[in-house]
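Bear in mind that the values here come from a model prediction, so they are computed numbers and not experimental data.
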Amino acid sequence: MTTVSAGPVTVAQRLREGMAGGVLSFPLTAFRDDGSLDPDGFRAYVAERLAAAPGAVFPACGTGEFFSLDEDEYRQVVTITVEEAAGRVPVVAGTGYGWAQAVRFARIAEDAGADALLVLPHYLVAAPQDGLVAQLEQIAARTPLPLIAYQRGQVAFTAGSLRRIAALPNVIGLKDGHSDLDRLQRLTLAAPEDFLFFNGASTAEIQARAYATVGVPAYSSAVHAFAPEIAGAFFTALRDGDHGTVGKLLRDFYVPLVELRDRVPGYAVSLVKAAARLRGHRVGPVRAPLTDPSPADLAALSTVLTAGLDLVGASL
């Protein structure tokens, strides 16, 4: 499928409107028990995510195990998402590694009809600010798709670097996963007025109120991947200033979930996928190097999930 990009300004506006009206959804990638891609399972799963009215959908990113997909699998995941979204919300596909490989994925995403790209942190090495900027410059020069930079791990932009990447015509925003609010405030002040920012911390709801204080109210929600009822209730309460509901959801669901997530590296994805399976979604296991939760942790997850669903009048 080849489409003509609507252009950075139009995509940015659609994303801004989506961010104001709902959480950003990062769907899981469905695998069969043997580890192979399950396109039919993914199609059914992503259709349900879209039915829960996210502000935008981001396939093949961190939660979607981009790092374990080959190019053909990536093409199928992005194509299915575009087909299911059918223009209702923006589709922002992940890309990453070094810029040369990132461009290969970018061209696949463009051909599949994605609206924009989330540029995941480059592979392995630490790099100076000039190199971080050059990485975005190289990708931006080779795709017409709008780009959102993702700072996390070894990628952390200074205000000066932010100005440089924001000056690139098709770089429209920044996802932050560092939760350094001092740095983030400096970045928001350095950016053009129409530049997009959103909270991309793991289990972003935990820090949503803090991010909002520095002008970044939009956030991605891993919980939307398995419990859109909870994610939607939290978003609405936060937007409406219902501090009682926000506090109760944080205390009785989000904090216990994060405490469980922090037990084992990789649980930020593995627990999300396990929770989706608990709710009957055909998403399958994670791929190595991630591991599925232990039986004890799976039982604890079921307890936390049941408690959260009870809070919003839903059930497994």
Contact check, side chains of [X] and [Y], non-hydrogen atoms, under 4.5 Å:
X      : Y      : result
Asn170 : Pro144 : no
Arg183 : Arg186 : no
Leu118 : Thr95  : no
Gln138 : Val103 : no
Leu316 : Thr306 : yes
Leu257 : Val223 : yes
Tyr219 : Phe235 : yes
Ile108 : Val78  : no

* Run the numbers on Val77 and Leu37 for side chain to side chain contact (heavy atoms under 4.5 Å, CB included), then give the verdict. => CA-CA 9 Å; Val77 165; Leu37 183 70; 4.1 Å; yes
* Ring centroid separation Phe26 to Phe58 under 6.0 Å ->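 Yes.
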* To do: List the steps and the verdict of side chain to side chain contact (heavy atoms under 4.5 Å, CB included) for Val214 and Phe197.
  => CA-CA 11 Å; Val214 295; Phe197 286 91; over 6 Å; no
So which pairs with a foot in [range] pass ring-ring contact (aromatic ring centres under 6.0 Å, His included), sequence neighbours left out?
range            : value
residues 129-180 : none
residues 243-262 : Phe234-Tyr254
residues 77-125  : Phe66-Tyr97, Phe66-Phe105, Tyr74-Phe105

[Y]/[X] salt bridge by N-O under 4.0 Å criterion:
X      : Y      : answer
Glu73  : Arg287 : yes
Lys273 : Asp292 : no
Glu48  : Arg279 : no
Arg164 : Asp130 : yes
Glu84  : Arg49  : no

When you check the side-chain N and O atoms of [X] and [Y], is any donor under 3.5 Å from an acceptor?
X      : Y      : result
Glu65  : Thr29  : no
Thr188 : Gln185 : yes
Gln101 : Glu71  : yes
Arg75  : Thr79  : no
Thr158 : Ser161 : yes
Ser202 : Arg261 : no

Which atom names give the shortest non-hydrogen contact between [X] and [Y], and what distance separates them?
X      : Y      : value
Gly308 : Ile230 : C-CD1, 3.5 Å
Gly87  : Arg14  : O-NH2, 3.1 Å
Asp115 : Val11  : O-CG2, 3.7 Å
Ala231 : Val23  : O-CG1, 4.3 Å
Ala227 : Leu305 : CB-CD1, 4.3 Å
Leu301 : Leu271 : CD2-O, 3.6 Å

Do [X] and [Y] land in one hydrophobic cluster if side-chain heavy atoms of ILVMFWY residues count as linked below 4.5 Å?
X      : Y      : result
Leu298 : Leu309 : yes
Phe226 : Leu24  : no
Val283 : Phe67  : no
Leu117 : Leu15  : yes
Leu187 : Leu168 : yes

* Are the side chain of Gln129 and the backbone of Ala156 linked by a donor-acceptor contact shorter than 3.5 Å? ->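 Checking the backbone N and O of Ala156 against the side chain of Gln129, a donor-acceptor pair under 3.5 Å is found.
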* **Separation of Ile148 CD1 from Leu136 CG (nearest 0.5 Å)** =>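 Reported value, rounded in 0.5 Å steps: 11.5 Å.
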* Asked: Quick check: are there more than 12 heavy atoms from other residues, nucleotides or ligands sitting under 6.0 Å from CZ of Arg104?
  ->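 12 or below, so no.
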* To do: Verify the neighbour count for atom CG of Asp240: are there more than 12 heavy atoms of other residues, nucleotides or ligands below 6.0 Å?
  =>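 Counting other residues, nucleotides and ligands, CG of Asp240 exceeds 12 neighbours.
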* Asked: According to the interplanar angle, ranging from 0 to 90°, do the rings of Phe42 and Tyr45 count as parallel (below 30°), tilted (30 to 60°) or perpendicular (above 60°)?
  ->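 Judged by the thresholds at 30° and 60°, the geometry between Phe42 and Tyr45 is tilted.
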* Report the C-alpha separation of Arg142 and Arg107 in whole Å, then their side-chain angles, then the decisive distance to 0.1 Å, and conclude whether the side chain to side chain contact (heavy atoms under 4.5 Å, CB included) test is met. => CA-CA 9 Å; Arg142 290 167 172 80; Arg107 289 172 177 158; 4.1 Å; yes
